Amino acid sequence: SGSFIDRWGYRGSGGGEFDNPTGVDVGLMNAVYVADAVNNRVEYFVTEGSFVDKWGSYGSRDGEFKNPYGLAVGPSGLVFVTDQANARVQYFTFQGSFVGKWGSYGEGSGQFKYPSGIDVAPGGGRIYVVDYHNDRVQYFRPDNPAVVPASLGRIKALMAN
């Protein structure tokens, strides 16, 4: 019926504080995940709003964000996050460990210009992403995301880090 129950959070950068929260979803064991765009992170809480943990920071490396915007939790517990300024989707375990990513900047299939909204189909078979500046919605299979092939030099560079 839309009756107000309670609220949590306020402006700031500490745990449980937000600066432009832009996405929310509920995952395994009723954990509540929030995309916190300006703080470049995801935070999660118990149902009543008690802070549990956060992950992410500003940057382009795996697990870092430049304006995380949308967020969706799949039936397996994976947390999918649209990373707007990095033009990609990243996904994590329910506790925030980086699992993978896909996408790059552009207009082609699997490319994005400011991905924003995201949702996972109830059975988990498709992931829908709003591609804001390309004026479209793209969808992906979680077992076969659009990936950019990597050169042997790129793989060696990643392994060195």
Side-chain angles (χ1 to χ4, degrees), residues 8-9 18-47 49 51-151 154-155 157-159 161:
W8 74 81
F18 305 116
D19 195 349
N20 197 11
T22 52
V24 63
D25 202 2
V26 179
L28 298 175
M29 299 180 289
N30 292 321
V32 179
Y33 296 86
V34 179
D36 188 3
V38 174
N39 285 322
N40 294 294
R41 66 185 180 204
V42 171
E43 297 187 54
Y44 69 104
F45 305 82
V46 297
T47 307
F51 175 75
V52 177
D53 205 356
K54 61 186 175 185
W55 72 82
S57 62
Y58 181 80
S60 300
R61 291 187 277 176
D62 296 346
E64 296 178 337
F65 300 107
K66 288 184 180 175
N67 195 19
Y69 204 84
L71 180 143
V73 182
S76 68
L78 290 176
V79 179
F80 296 86
V81 183
T82 56
D83 188 3
Q84 265 198 342
N86 283 322
R88 64 186 178 186
V89 172
Q90 296 191 75
Y91 52 106
F92 304 84
T93 66
F94 70 96
Q95 294 177 318
S97 296
F98 176 80
V99 176
K101 65 184 177 187
W102 76 85
S104 61
Y105 185 82
E107 298 176 359
S109 297
Q111 294 182 317
F112 303 106
K113 286 187 180 177
Y114 297 98
S116 53
I118 188 167
D119 203 2
V120 179
R126 288 190 177 172
I127 301 166
Y128 295 86
V129 180
V130 174
D131 190 7
Y132 181 72
H133 280 194
N134 279 325
D135 298 311
R136 64 186 180 185
V137 173
Q138 296 189 70
Y139 59 97
F140 306 87
R141 286 190 308 256
D143 61 335
N144 189 20
V147 295
V148 177
S151 68
R154 173 80 174 131
I155 292 169
L158 288 171
M159 298 304 279
N161 289 335

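Along the sequence shown, residues carry numbers from 1. Bear in mind that the values here come from a model prediction, so they are computed numbers and not experimental data.
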[X] versus [Y], closest heavy-atom pair with distance:
X	Y	value
P122	P75	O-CG, 3.8 Å
G125	P142	O-CD, 3.4 Å
A72	D119	CB-CA, 3.8 Å
Q90	F98	OE1-CE1, 3.3 Å

Worksheet entry | Side-chain donor/acceptor of Q111 to backbone N/O of A87, under 3.5 Å | no
Item to complete: For N86 and G59, indicate whether the former's side chain and the latter's backbone hold a donor-acceptor pair under 3.5 Å.
Response: yes
Set of residues satisfying ring-ring contact (aromatic ring centres under 6.0 Å, His included) with respect to [X], sequence neighbours excluded:
X	value
Y69	none
Y58	none
F94	none

Would you please name every residue forming a side-chain contact (heavy atoms from CB on, under 4.5 Å) with [X], sequence neighbours left out?
X	result
Y128	A121, R126, V137, Y139
S76	L78
F18	W8, P21, V34, D36, E43, F45
Q138	F112, D131, R136, F140

Discussion item. For D53, give me all partners under salt bridge (Lys or Arg N to Asp or Glu O under 4.0 Å), at least two apart in sequence or on another chain.
Written reply: none
Quick one: are [X] and [Y] in side-chain contact, heavy atoms under 4.5 Å?
X	Y	value
S116	Q84	yes
V81	Y33	no
V89	I127	no
T93	V99	yes
T82	Y132	no

Worksheet item: Rounded to the nearest 0.5 Å, how far does OH of Y91 lie from CD1 of I118?
Response: 11.0 Å
Discussion item. Distance check, rounded to the nearest 0.5 Å: Y44 atom OH versus Q95 atom CD?
Written reply: 5.0 Å
Discussion item. If you apply the rule side-chain contact (heavy atoms from CB on, under 4.5 Å), what do you find for N67 with Y114, and how did you get there?
Written reply: CA-CA 9 Å; N67 195 19; Y114 297 98; 5.9 Å; no
Worksheet item: Under the salt bridge (charged side-chain N to carboxylate O under 4.0 Å, His left out) rule, what pairs show up with a residue in residues 66-83, not counting sequence neighbours?
Response: D83-R88
Discussion item. Tell me if the CZ atom of F51 is crowded by more than 12 foreign heavy atoms within 6.0 Å.
Written reply: yes
Discussion item. Can you list everything that forms a side chain to side chain donor-acceptor pair (under 3.5 Å) with E107? Sequence neighbours excluded, please.
Written reply: K113
Worksheet item: Please, which pairs that meet side-chain hydrogen bond (donor to acceptor under 3.5 Å, both in side chains) have at least one residue in residues 18-28, sequence neighbours excluded?
Response: R11-D19
Discussion item. Does V73 form a side-chain contact (heavy atoms from CB on, under 4.5 Å) with L28? I'd like the steps, not just the answer.
Written reply: CA-CA 8 Å; V73 182; L28 298 175; 5.6 Å; no
